[in-house]
Amino acid sequence: MTQQPADQQSAPSADQLREQVEQTRRDLGQTVEALAAKTDVKARAQHRAGELKEQVAVKAGELKAQAAKTTSQVQDKLPDPVKDAAARAAGQIRTTSAQAGRMWEEKAPEPLRQKTTRSAQLARENRTWLLVAAGITVVWLARRRKKS
């Protein structure tokens, strides 16, 4: 005893019902995926870390370019006698540091040399982060000095 609808066109066909069910399933699947993504804290943290890493890399590039430009401007303004004195001082520093390195090799205890070597290796491996930190510090100090 089912009633027939008065208007046959207003009742959805079986194909239309199937399509509605499939669409509802797709919508529900997308909703479940969105909720799962929101609850996956580790994935969200990794995504945010990736974004921050990219931002830091961009900022590091900008700071590096700015430092190179500033260095070039300063070097262009230096008089030749100052440049010559700086070159001599750099040569003396290289010689003295080489002597200090040889003395370090001869006199420093082995465990201390190993720790120092490891620290230097870590610094080389994380050079970008160290440069970024140094750049941020320089900018912070410059701004602080301007305010004073």
Side-chain angles (χ1 to χ4, degrees), residues 9-148:
Q9 291 181 355
S10 66
S13 69
D15 290 337
Q16 289 173 331
L17 287 174
R18 281 189 203 97
E19 180 58 33
Q20 286 177 353
V21 168
E22 288 301 315
Q23 182 62 39
T24 302
R25 285 181 183 159
R26 285 192 292 269
D27 292 344
L28 183 59
Q30 290 173 353
T31 302
V32 168
E33 286 177 13
L35 288 172
K38 283 186 177 183
T39 60
D40 190 355
V41 175
K42 183 178 179 182
R44 290 174 60 195
Q46 287 175 339
H47 178 72
R48 181 69 177 138
E51 289 175 346
L52 290 174
K53 185 176 180 180
E54 185 177 321
Q55 289 174 356
V56 166
V58 168
K59 193 63 171 176
E62 291 172 1
L63 289 173
K64 186 176 179 181
Q66 184 180 8
K69 180 181 174 184
T70 303
T71 301
S72 175
Q73 290 173 346
V74 169
Q75 286 178 346
D76 291 344
K77 291 180 182 179
L78 284 177
D80 287 337
V82 173
K83 289 180 185 178
D84 294 340
R88 283 193 304 276
Q92 289 174 347
I93 290 171
R94 279 192 289 276
T95 301
T96 304
S97 66
Q99 289 172 347
R102 285 191 294 277
M103 186 179 291
W104 171 260
E105 288 291 323
E106 295 169 1
K107 299 195 178 195
E110 184 62 29
L112 183 58
R113 284 192 306 207
Q114 289 175 350
K115 286 183 181 182
T116 305
T117 302
R118 179 66 185 137
S119 297
Q121 181 181 1
L122 283 171
R124 281 191 296 275
E125 290 171 358
N126 297 301
R127 183 174 293 161
T128 302
W129 292 106
L130 290 173
L131 290 173
V132 168
I136 290 170
T137 304
V138 167
V139 169
W140 178 75
L141 288 172
R143 287 186 178 174
R144 186 173 172 201
R145 187 173 182 191
K146 279 185 180 179
K147 289 180 182 179
S148 298

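One-based numbering along the sequence shown.
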Apply side chain to side chain contact (heavy atoms under 4.5 Å, CB included) to the pair Gln20 and Leu17, showing each step before the final yes or no. CA-CA 5 Å; Gln20 286 177 353; Leu17 287 174; 3.8 Å; yes
Find the distance between OG1 (Thr117) and CG (Leu112) and round it off to the nearest 0.5 Å. 9.0 Å
Nearest non-hydrogen partners of Leu63 and Val139, listed with the distance: CD2-CG2, 4.0 Å
Where at least one partner belongs to residues 26-36, residue pairs that pass side chain to side chain donor-acceptor pair (under 3.5 Å), sequence neighbours excluded: Glu19-Arg26, Gln23-Arg26, Gln23-Asp27
Distance col, row Asp84:CG vs Arg88:CZ, nearest 0.5 angstrom, shows 6.0 Å
Which pairs pass side chain to side chain donor-acceptor pair (under 3.5 Å) with one or both residues in residues 50-66, sequence neighbours excluded? His47-Glu51, Arg48-Glu51
Looking at Lys115, I want to see if its NZ is surrounded by more than 12 non-hydrogen atoms of other residues, nucleotides or ligands under 6.0 Å. no
Starting at CG of Asp76, measure out to NZ of Lys83 and round the result to the nearest 0.5 Å. 6.5 Å
Within this structure, what is the CG-CD1 distance for the pair Leu131 and Ile136, rounded to the nearest 0.5 Å? 11.0 Å
How far does CD of Gln92 sit from OG1 of Thr95, to the nearest 0.5 angstrom? 7.5 Å
Write out all pairs satisfying side chain to side chain donor-acceptor pair (under 3.5 Å) with one or both partners inside residues 125-140, taking only residues at least two apart or from two chains. Gln121-Glu125
